[in-house]
Each structure stands twice: as C-alpha cells, then as structure tokens.
Amino acid sequence: MRIFNHDITLSTHDQEAGTVLFSGRVLALTHPEDKIQMTPDLQSEWAFIVDHYAQVGVFHSHDVIWSHSLDEINRHGEYEPSFYFFGDAVNSHHQYRQFFTHLNPQWSEVVEFINSKNNFIQLAEALGVPVPKTLRFANLSAARAATDIPFPCYVKPAVSDHGAGITRCSDQAALERAFTQLAPDAALQIQAEVQASAFLNLQYRVTADGVQPLLVSEQILEGCVHRGNRYPSQHEPWESMEPLAMWLGEHGMQGIFAVDVAVVPTLDGVQYLAIECNPRFNGSSYPTLVAHRMEIPCWSSITYKTPLRSLQNVDLTDITFDPDKGRGVILINWGTIKVGEISVLLAGSLVEQFALDQELKARLNGDFVTQPSPKATQQLVLQR
C-alpha cells in the first residue's frame, strides 16, 4: 500500500496558479488499496475523472486526502510514500528539507546534488558523458563578466523545473534582457544551442535489482517548455548514458528519474549529448507509466490549451480509449483544465494519433460541449 503526494510546488519556481493542480495527474498510477493526496481545488472535477477512468479501464484509488500537506505522510506511517520530488528546491533550509532528510538522507542528498544543472554538467564531464558547451556560474555577476558566450545559447537557472527562467538568447542584447529576469545571487549556466534532430527523455526506475532502463520517448517541445512525448523512438542511447545512471544508483537514488538527451547528427552518424537530469518524476513519467500499465505499444502525450474550464465540458464521445481496440484518449493531467490546459495520452498508430489529435483540438476549442454523463452527475451530487 502506498500514499501518493505528487504536489510539485516544492520543486518549481513557477508560481502560476495552475501548479497546485498538478497533484491530480498521479491518480492513474495508483491502485485501489492506495491513498492519494490532492489539492481540494480538484474536488469539483473528481466525479468526472472517476467516470473517465472507469470507461478506459484504469482501476485507481478512491481514498482521497484533500490536502497535499506532508503532515499526512506521518499520519499514515503504514503506507509507503511516493513523491513527485524527494526534497525541497524552493525553500532554503526549510523544515520540508528536514522532512525528506529524515525519511532517507542519502536519497535526499543525491536529489539535491543532481537537481542542480551545474552539478549535473560537472558530473557528466567527469564521467566522460558528452554534453553541449556549458558555462557554469556561481552568480549573475560572474556570468556578466564572461566573454566567451556561445551564441545562440540558453540561459538557465542552475535549479529550475517546469521551464521556469530558461531563455533562448541569439545575441548579447537578448542575453542582457535574460539576465534581468534572474536572481542576482542564484547560480546559473549558459549552454550553447545544439543543432539537434530530436530531444529524448530516458526514463529509469530504481528497484531492488538496481537501476533499470524503463523507456525512451521523444520530446515534444514548445520553445524550451516540455509539451509532450512520443513513443516509440528510433533512438535508444542507453549505453551512452549508463555512467550517469549507474552513478545515481550507487549514490542512493530511488524511484523514478530521467535524463534529457539531444540527438545531434554528425558525419559519422549521431552524437548523444546529455542536457540535464530530472531526479524525480517528470512530465513524461505519467503517460509512460500509464501506457506501460495499459500495455499500449504506440502513443503520444500532448498538452493542449483550451477555453474550457471543467471536465464536464470536455466531450470525449467516440474517442475515449478503448482497451479492446488499443486506441483512443486517456486523460493524464486533468486537473489543469481549471486554468485552461489539459494533458492527454493518445494511443494508437501514428495515423490514429493524428486523427485523435485533430478531433480533440476541435473539441477543446469549445466546438463541442457536452453535458456530464448521468453516472458522473450522480457521483458529483453524492460527493457534495
């Protein structure tokens, strides 16, 4: 039995209102005997997501704690905890860091170390894993004094999640503008843009048998922001990234983690460059594990913007995932519908995925509005 707390607010400096709603996306990874913590902001959507998961065949926990307070973990000590991020990247020397250190000091230490993009680059270079040209700085003053900036480049806070603070700079003027958005005392890096044909997400899972490769998917990016993933990928550079994965396992990493990799064509073939490590669940973990659970061999995950603000207005008639046919739509990050975004898994062949994508775009633009099903309405009334 496990208790899931996948609140992301301790791992990201992205302060948009929707970040608190991400705590619901782990629901499809739970089992009936588990507990799940979610923000009470999601209560209004509960009946509709329960109805959807019943249709697609996902059997999940109904034992909901409508709070993401870490105090709940201590109240349910008989449950094994599962976290999005094993630590606190937002609050320096805060009680939450002490909480994670108490649970597992080695895991907490390795997460905090590798969550720094600067530490990751330094480690990769030491292990002989190729990386893009990257300049590392302790603070903004040091970065302003640098003279060998590789344009175009990306300016990145050393500790950043959810794309927060990352800016592409084509010249010195753009670089100066990017600097004005950063905290003066925070570490940062400037990384050369690479001419990549694809960006990959290599997911690993640590088990009793050690670090196990899980799945490689190709990232769908909007600028430097992760918008989704595709599987399968024609690239699987497990061997190239093995030194990093083994080092993490040897130094106490647990659960799920991932490495982002650029695929760079060369005269001799391709080169795989490590970009950063996510020592945690990440955006592609959820569709990956749902697809693995549902035995879906070909899929993509996409985040859509929409004027709709509730699942009751999302019409999935005739496009909901059918377990017998192995194709259709599964809602993943469903709670963010309240701020006009929703992430889904599209299962099926590439042709089927394209058709699902086009149909779903039309419906999410408000062209189709449906009334909630009788079952969902009944559940909503009971929940209230």
Side-chain angles (χ1 to χ4, degrees), residues 1-8 17-69 72 76 79 82 84 286-287 289-290 293-294 301-323 328-347 356 359-360 363-384:
M1 300 186 302
R2 293 188 289 177
I3 179 170
F4 289 79
N5 183 324
H6 280 233
D7 171 47
I8 74 169
T19 55
V20 73
L21 302 171
F22 280 63
S23 56
R25 63 180 170 174
V26 74
L27 180 62
L29 304 186
T30 66
H31 290 85
E33 66 273 15
D34 298 326
K35 291 180 180 291
I36 179 172
Q37 291 185 248
M38 293 191 290
T39 174
D41 295 346
L42 295 178
Q43 289 189 58
S44 61
E45 302 303 311
W46 174 250
F48 307 109
I49 192 62
V50 165
D51 186 50
H52 172 70
Y53 282 157
Q55 291 181 57
V56 302
V58 172
F59 301 101
H60 59 85
S61 172
H62 289 248
D63 191 350
V64 182
I65 301 170
W66 294 108
S67 165
H68 49 70
S69 170
E72 296 293 339
H76 301 89
Y79 287 78
S82 172
Y84 169 75
Y286 300 94
L289 294 171
V290 169
R293 181 175 179 178
M294 305 295 288
S301 61
I302 308 288
T303 298
Y304 298 94
K305 293 187 181 297
T306 175
L308 307 179
R309 291 298 184 269
S310 175
L311 296 180
Q312 68 177 313
N313 295 324
V314 177
D315 180 13
L316 298 181
T317 305
D318 300 326
I319 60 172
T320 300
F321 178 74
D322 185 329
V329 177
I330 301 177
L331 302 181
I332 302 294
N333 200 4
W334 48 274
T336 53
I337 189 71
K338 293 174 72 71
V339 292
E341 285 195 359
I342 192 167
S343 298
V344 308
L345 184 151
L346 307 177
L356 289 168
E359 182 64 24
L360 189 56
R363 300 188 187 194
L364 289 175
N365 280 333
D367 296 347
F368 291 79
V369 177
T370 185
Q371 296 299 316
S373 69
K375 181 177 179 181
T377 303
Q378 181 185 34
Q379 288 173 329
L380 184 59
V381 170
L382 291 174
Q383 178 250 315
R384 286 176 175 166

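Small disclaimer: the values here were computed from a predicted structure and weren't measured.
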With side-chain contact (heavy atoms from CB on, under 4.5 Å) as the test, would you mind laying out the steps for Ile65 and Ile3 before giving the verdict?
CA-CA 10 Å; Ile65 301 170; Ile3 179 170; 4.0 Å; yes
For Phe321, all residues meeting ring-ring contact (aromatic ring centres under 6.0 Å, His included), sequence neighbours excluded:
none
For Ser61, does its backbone N or O pair with a side-chain atom of Thr30 as donor and acceptor, under 3.5 Å?
yes
With no hydrogens and no angle check, is any side-chain donor or acceptor of His60 less than 3.5 Å from a backbone partner on Tyr53?
no
Enumerate the salt bridge (Lys or Arg N to Asp or Glu O under 4.0 Å) contacts for residues 58-67, please, sequence neighbours excluded, ordered by first and then second residue.
Lys35-Asp63
Minimal non-hydrogen separation, Pro287 against Leu345, with atom names:
O-CD1, 3.4 Å
Just so I know, are the side chains of Asp51 and Leu311 near enough to count as touching, which here means a heavy-atom distance under 4.5 Å?
no
Check: Phe48 and Val314 side chains under 4.5 Å, non-hydrogen atoms
no
Nearest-0.5 Å distance, CD1 of residue Ile36 to CD of residue Glu72
13.0 Å
Side-chain contact test, heavy atoms from C-beta onward, threshold under 4.5 Å: evaluate it for Ile319 versus Arg363 and give yes or no.
yes
With no hydrogens and no angle check, is any side-chain donor or acceptor of Gln37 less than 3.5 Å from a backbone partner on Ser69?
yes
Are side-chain heavy atoms of Ile330 and His52 found at a separation under 4.5 Å?
yes
Could you tell me whether the side chain of Asp7 and the main chain of Ser23 form a donor-acceptor pair under 3.5 Å?
no
Hey, are the side chains of Arg25 and Tyr84 touching, using non-hydrogen atoms and a 4.5 Å cut-off?
yes
Partners passing side chain to side chain contact (heavy atoms under 4.5 Å, CB included) against Pro40 (at least two apart in sequence or in another chain)
Gln43, Trp66
Criterion side chain to side chain contact (heavy atoms under 4.5 Å, CB included) against Ile337, the qualifying member of Thr306, Leu42, Leu21
Thr306
Do Glu341 and Asn333 have side chains that get closer than 4.5 Å, going by heavy atoms?
no
Here the gap from Leu356 atom CG to Thr320 atom OG1, rounded to the nearest 0.5 Å, amounts to 10.0 Å
Got a second to check how far His76's NE2 is from Asp34's CG, nearest 0.5 Å?
12.5 Å
Check Val64 against Met38 and note the closest heavy-atom contact, atom names and distance.
CG1-CE, 3.7 Å
Taking atom CG of Asn5 and atom OG of Ser67, what is their separation to the nearest 0.5 Å?
8.0 Å
Any side-chain heavy atom of Ser310 within less than 4.5 Å of one from Glu45?
yes
In the structure I gave you, are the side-chain heavy atoms of His6 and Tyr286 within less than 4.5 Å of one another anywhere?
yes
How far does OG1 of Thr336 sit from CG of Leu331, to the nearest 0.5 angstrom?
10.0 Å
I need the Ile302 CD1 to Ile332 CD1 distance, nearest 0.5 Å.
12.0 Å
State, to 0.1 Å, how close Pro32 and Phe59 come at their nearest heavy-atom pair, and which atoms those are.
CD-O, 3.6 Å
